[in-house]
2 protein chains.
Amino acid sequence: MASERKATADPARSLALLWRTREPTSRSAGPALSVDRIVRVAIDIADAEGLDALTMRRVGEALGVGTMSVYTYVPGKAELVAVMIDTAYGEMPRPAVDGDWRTRLERIARDNLALYQRHPWMLRAETTRPVLGPHLMAKYDYELGAIVDIGLTDVEVDAVLTLVLGHVKSAARAASEVVDLERETGMTDGQWWQSHAPWLETFLKPGAYPIASRVGTAAGEQHGAAYGPEYAFEFGLQRVLDGISVVVAERAADR
Amino acid sequence: MASERKATADPARSLALLWRTREPTSRSAGPALSVDRIVRVAIDIADAEGLDALTMRRVGEALGVGTMSVYTYVPGKAELVAVMIDTAYGEMPRPAVDGDWRTRLERIARDNLALYQRHPWMLRAETTRPVLGPHLMAKYDYELGAIVDIGLTDVEVDAVLTLVLGHVKSAARAASEVVDLERETGMTDGQWWQSHAPWLETFLKPGAYPIASRVGTAAGEQHGAAYGPEYAFEFGLQRVLDGISVVVAERAADR
DNA sequence: CGGCGCGGTCGTACGGCGTACGGCCGCGTT
DNA sequence: AACGCGGCCGTACGCCGTACGACCGCGCCG
């Protein structure tokens, strides 16, 4: 397997894992391991050192068991990552909704951003197929609930949520890349650019890319770094919400 | 190395590769290989079979040379992927801009979507650090040029482009996941859901997730599949453009 | 004209990954 | 007392990226 993508083939097994359908062992003192224990240490490893550090050997080691013992509880790494994702979504707060729809949606966006900042590996975990776990469904239900009543059709409500969450994920990914770069190189973002700029200038013909140079420089100075992920998140979020309010207003006028 | 991420350390080497700074060999009839030939077959492999199929052995094989010969021209796989990315961005059309800013931005969004559909591996190629190649810079310059004059600050213009391109990438990724799923399972998206639904229902308590069920069903019926990537792209794009036009109008009113 | 250096080529090998397979062991049941 | 089975896991296989050093033929210098 490359990346964290797999065929898995067996929906029953994968879904049962996500929903933890498993009769408790009748044996006294039960087994040493469990899906929950495995998932917990796996998330800890991924949080602390990234997805690349999450190997099956490493998980076994952290649990004090052999590598292959993990496979007693989890069919493979792809499924483990799927459970990790569902579990992580389960940690999100779901306070009673209040305020107008814009406030609610903004809150949802910020909560999602915070989740991705706590678990940056989620941004790199490719799954191909949807993770149909209970927590993800609960999250989807909750978030839809915050905007079902804004006067759009169900299909539009779904698209609104997809749009907002997509923006959050994009912005989180950009922010995460900056953090990764700093961790990998030991330089801050600004230092990295300073170390590359002289080399870049030797290749650049003066006057080439005039607009890119001007805008890039302006953005760099403004943010104190070449890229301002927080600014991009905030600016984008407000634009997206503005755009949504245009349709909401249209629909309200039609009524 | 896991994923396609690497430290690389040496900016000079990486940048020189991107910009193809290399005196042509004085030898008669030159070497059999070149960076360009390598990049071309690498892109072909990734286009046809995905990033997971792109291995250094495979590239050598496709070129009729030994695996390690590739390393004469490219320091490692991460750098190869970086050059592939820059090259792919180089294929994009850059017609003279005309029409109003909204038309231009919409055009840019569609061109980017088309690129990602032609080269879906670009959506999975994680780079951590920006690919500072000539084509990517030209693209950035071109796209900024289409919107510099809409009355926003340079910093805002940059954020607008980031927002739009981020949306395109999100939507393209969602669409690509559907395609991958179909390729991996041999089922259409609809068939996949039909095969999972019965299992899912055995876990679901009736009445749980009422909103998610209703909206999910509505969306599924509307799109003829559980997820309508094209609809999500279109809806989101219009919302984003609406949101941008709100700021543009504000600025115009201030003037 | 002979030797040398060097750039291009690449076979071998190493360490790491996910995981298939089969054996072992101790418990609950019969 | 015997059995079966669930949990555990050592070993091994086939992949991956790539370090290392050998080989080889060309162009240059003496």
Side-chain angles (χ1 to χ4, degrees), chain A residues 1-10 13-14 22-38 42 45-46 49-82 84 124-126, chain B residues 1-10 13-14 22-38 42 45-46 49-82 84 124-126:
Chain A
M1 182 182 59
S3 307
E4 311 320 334
R5 326 178 45 236
K6 231 293 223 44
T8 304
D10 183 4
R13 176 87 199 265
S14 299
R22 176 197 262 308
E23 66 281 25
T25 319
S26 61
R27 298 279 252 293
S28 62
L33 249 41
S34 70
V35 174
D36 288 288
R37 289 229 303 141
I38 291 169
I45 293 169
E49 301 176 49
L51 252 198
D52 293 347
L54 181 73
T55 69
M56 298 304 267
R57 285 170 227 271
R58 186 75 197 283
V59 170
E61 197 179 309
L63 287 162
V65 303
T67 305
M68 294 311 292
S69 301
V70 178
Y71 285 88
T72 308
Y73 296 85
V74 160
K77 191 177 177 182
E79 290 82 357
L80 172 57
V81 171
M84 289 168 63
R124 299 200 186 276
E126 313 270 6
Chain B
M1 183 183 57
S3 308
E4 313 318 334
R5 327 176 47 236
K6 231 291 222 45
T8 303
D10 184 4
R13 176 87 199 264
S14 299
R22 177 195 262 309
E23 65 281 23
T25 318
S26 61
R27 298 280 252 293
S28 61
L33 249 42
S34 71
V35 174
D36 289 287
R37 290 229 303 139
I38 290 169
I45 293 169
E49 300 175 49
L51 252 199
D52 293 347
L54 182 72
T55 69
M56 298 304 267
R57 284 169 229 272
R58 187 74 198 284
V59 171
E61 198 179 307
L63 287 162
V65 302
T67 305
M68 294 311 292
S69 300
V70 178
Y71 285 89
T72 308
Y73 296 85
V74 159
K77 190 176 179 182
E79 291 82 359
L80 172 58
V81 172
M84 289 168 64
R124 299 201 185 277
E126 313 271 5

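Given the structure is predicted, the values throughout are model-derived calculations rather than measurements. Basis for what follows: all heavy atoms, side chains included, without hydrogens, waters or symmetry-related copies. Chain letters run A, B, ... following the sequence lines, proteins first, then strands; residues in each count from 1.
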field: Check: A:T72 and A:L33 side chains under 4.5 Å, non-hydrogen atoms
entry: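 The answer is no, as the side chains (C-beta and beyond) never meet within the 4.5 Å cut-off.
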query: Looking at side-chain heavy atoms only, is the closest gap between A:Y71 and A:M56 below 4.5 Å?
result: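 Contact flag for A:Y71/A:M56 side chains = yes.
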query: Any donor-acceptor pair under 3.5 Å linking the side chain of B:R124 with the backbone of A:E126?
result: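 No: the side chain of B:R124 does not pair with the backbone of A:E126.
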message: What's A:Y71 touching, base or sugar-phosphate or nothing? Going by heavy atoms closer than 4.0 Å.
response: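 The answer is base, as A:Y71 lies within the cut-off (heavy atoms under 4.0 Å) of a base atom.
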query: For B:T55, which contact category applies under a 4.0 Å heavy-atom criterion: base, sugar-phosphate, or nothing?
result: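 Sugar-phosphate contact only.
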- prompt: For the side chain of B:M68, counting heavy atoms from C-beta on, which of D:dC8, C:dT19, C:dC10 is nearest?
  reply: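 So the side chain of B:M68 is nearest to C:dC10.
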message: Given C:dG8, D:dG7, C:dT19, identify the nucleotide with an atom nearest to the side chain of A:M56.
response: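 Side chain of A:M56 sits closest to C:dT19.
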Round to a whole Å and report the spacing from [atom1] of [X] to [atom2] of [N].
{"X": "A:R57", "N": "C:dT19", "atom1": "CZ", "atom2": "P", "value": "11 Å"}
{"X": "A:I38", "N": "D:dG7", "atom1": "CD1", "atom2": "C1'", "value": "12 Å"}
{"X": "B:L51", "N": "D:dG17", "atom1": "CG", "atom2": "P", "value": "11 Å"}
{"X": "A:K77", "N": "C:dG16", "atom1": "NZ", "atom2": "C1'", "value": "12 Å"}
{"X": "A:D52", "N": "D:dG17", "atom1": "CG", "atom2": "P", "value": "14 Å"}
{"X": "A:L54", "N": "C:dG16", "atom1": "CG", "atom2": "C1'", "value": "15 Å"}
{"X": "A:L63", "N": "D:dC9", "atom1": "CG", "atom2": "P", "value": "11 Å"}
{"X": "A:I45", "N": "C:dC17", "atom1": "CD1", "atom2": "P", "value": "11 Å"}

query: For C:dG8, does OP1 or OP2 lie under 4.0 Å from any side-chain N or O of B:S69?
result: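 No, outside the criterion.
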- request: Please assess A:E49 against A:R58 for the test salt bridge (Lys or Arg N to Asp or Glu O under 4.0 Å), listing each intermediate value before the final yes or no.
  value: CA-CA 11 Å; A:E49 301 176 49; A:R58 186 75 197 283; 2.8 Å; yes
